[in-house]
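Data block below; observations after.
Quick note on labels: first sequence line is chain A, next is B, and so on, each numbered from 1.
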Amino acid sequence: KAGVTQTPRYLIKTRGQQVTLSCSPISGHRSVSWYQQTPGQGLQFLFEYFSETQRNKGNFPGRFSGRQFSNSRSEMNVSTLELGDSALYLCASSFGHFNTEAFFGQGTRLTVV
Amino acid sequence: GESVGLHLPTLSVQEGDNSIINCAYSNSASDYFIWYKQESGKGPQFIIDIRSNMDKRQGQRVTVLLNKTVKHLSLQIAATQPGDSAVYFCAENSNDYKLSFGAGTTVTVRA
């Protein structure tokens, strides 16, 4: 059974640019969550989608957005990149009910220069 | 705000010994907890979970203990191996479709 797949694995972008990251969940999982991981802030929740609907959103500026497609794949977009957006972006998938296991992908390492 | 935290940022353990990693949480509404292991360059790997109606759960070489009275969670690893060297995170959920993570404990296994 394939795990959570995130693409690309690494990205280097320039300040002011925008970026789109992709996540394919485990087959059968309908919930996709996104997290930002930095050395200073640790793992911070960005948003969660289930059946193409955002059910929760973290405390991030509006430059961070996401969406989910009918096949449960998800994308997140960051516009007008800032140096502080450099981080490991992690996607987790689950069946989507309360209190169910969430499994993470390898992450996308974004570096903003 | 409410957060999940770990007592110690680092833990050094002799190979073959048992490891205990602690986590304190402050959200009394939390009813589901997960331990993750993260190796360098990889995403967090699910280890074991526990629901608030339990106080102990065992897996392969791992045991999670939950004390709701003092809001404390621990992960015990039996017979620690070099492959157990990683950062360990506890995470909690309170039925809001997100996980809140602690800062992590770096475990180093000495040969």
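Within a 6.0 Å sphere centred on CG of A:Asn59, other residues, nucleotides and ligands contribute 12 heavy atoms or fewer.
For a residue to count as touching a neighbouring chain, one of its non-hydrogen atoms must lie under 4.5 Å from one of that chain's; by this rule B:Gln45 does not touch chain A. Residue A:Arg109: no heavy atom, backbone or side chain, is found under 4.5 Å from chain B. If you measure heavy-atom distances from B:Asp96 to chain A, the contacts under 4.5 Å come from both the backbone and the side chain. In this structure, the portion of A:Leu88 lying under 4.5 Å from any heavy atom of chain B is its side chain and not its backbone. Contacts of A:Leu90 with chain B are made by side-chain atoms alone, with heavy-atom separations under 4.5 Å and no backbone atom involved. Only the side chain of B:Tyr36 has a heavy atom closer than 4.5 Å to any heavy atom of chain A. Proximity to chain A is limited to the side chain of B:Phe46, based on heavy atoms less than 4.5 angstrom apart. Contact annotation for A:Phe50: neither backbone nor side-chain heavy atoms come within less than 4.5 Å of a heavy atom of chain B. Neither the backbone nor the side chain of A:Gln44 comes within less than 4.5 Å of any heavy atom of chain B.
Both A:Leu110 and A:Val32 sit in one connected hydrophobic cluster of ILVMFWY residues. Membership requires side-chain heavy atoms under 4.5 Å apart, directly or through other members. In the hydrophobic clustering of this structure, A:Phe45 groups with B:Ile34; members are Ile, Leu, Val, Met, Phe, Trp, Tyr whose side-chain heavy atoms approach within less than 4.5 Å, directly or through other members. Put simply, B:Ile21 and B:Val64 are part of the same group of oily side chains (I, L, V, M, F, W, Y) that touch within less than 4.5 Å, one to the next. A single hydrophobic cluster is seen to contain both A:Leu83 and A:Phe60, as judged by linkage of ILVMFWY side chains at heavy-atom distances under 4.5 Å, directly or through other members. Using a 4.5 Å cut-off between side-chain heavy atoms of Ile, Leu, Val, Met, Phe, Trp and Tyr, with links allowed through other members, B:Trp35 and B:Met54 fall into the same hydrophobic cluster.
The greatest number of non-hydrogen atom pairs below 4.5 Å with chain B, out of A:Arg9, A:Gln41, A:Gln37, is found for A:Gln37. Ranked by non-hydrogen atom pairs under 4.5 Å with chain B, the options A:Arg55, A:Gln6, A:Glu48, A:Gln106 are led by A:Arg55. Among the candidates B:Ser52, B:Gly41, B:Pro44, B:Gly43, the residue making the largest number of heavy-atom pairs closer than 4.5 Å to chain A is B:Pro44.
Here CG of A:Leu43 is found 5.0 Å from CZ of B:Phe101. Values are rounded to the nearest 0.5 Å.
Proximity of a side-chain donor or acceptor of A:Tyr35 to a complementary backbone N or O of B:Leu99 within less than 3.5 Å is detected.
Heavy atoms only, all atoms of each residue included: A:Gly96 and B:Tyr97 are closest at O-CE2, 3.9 Å.
When side chains are defined from C-beta on, B:Tyr32 counts as touching A:Glu101, because their heavy atoms get closer than 4.5 Å.
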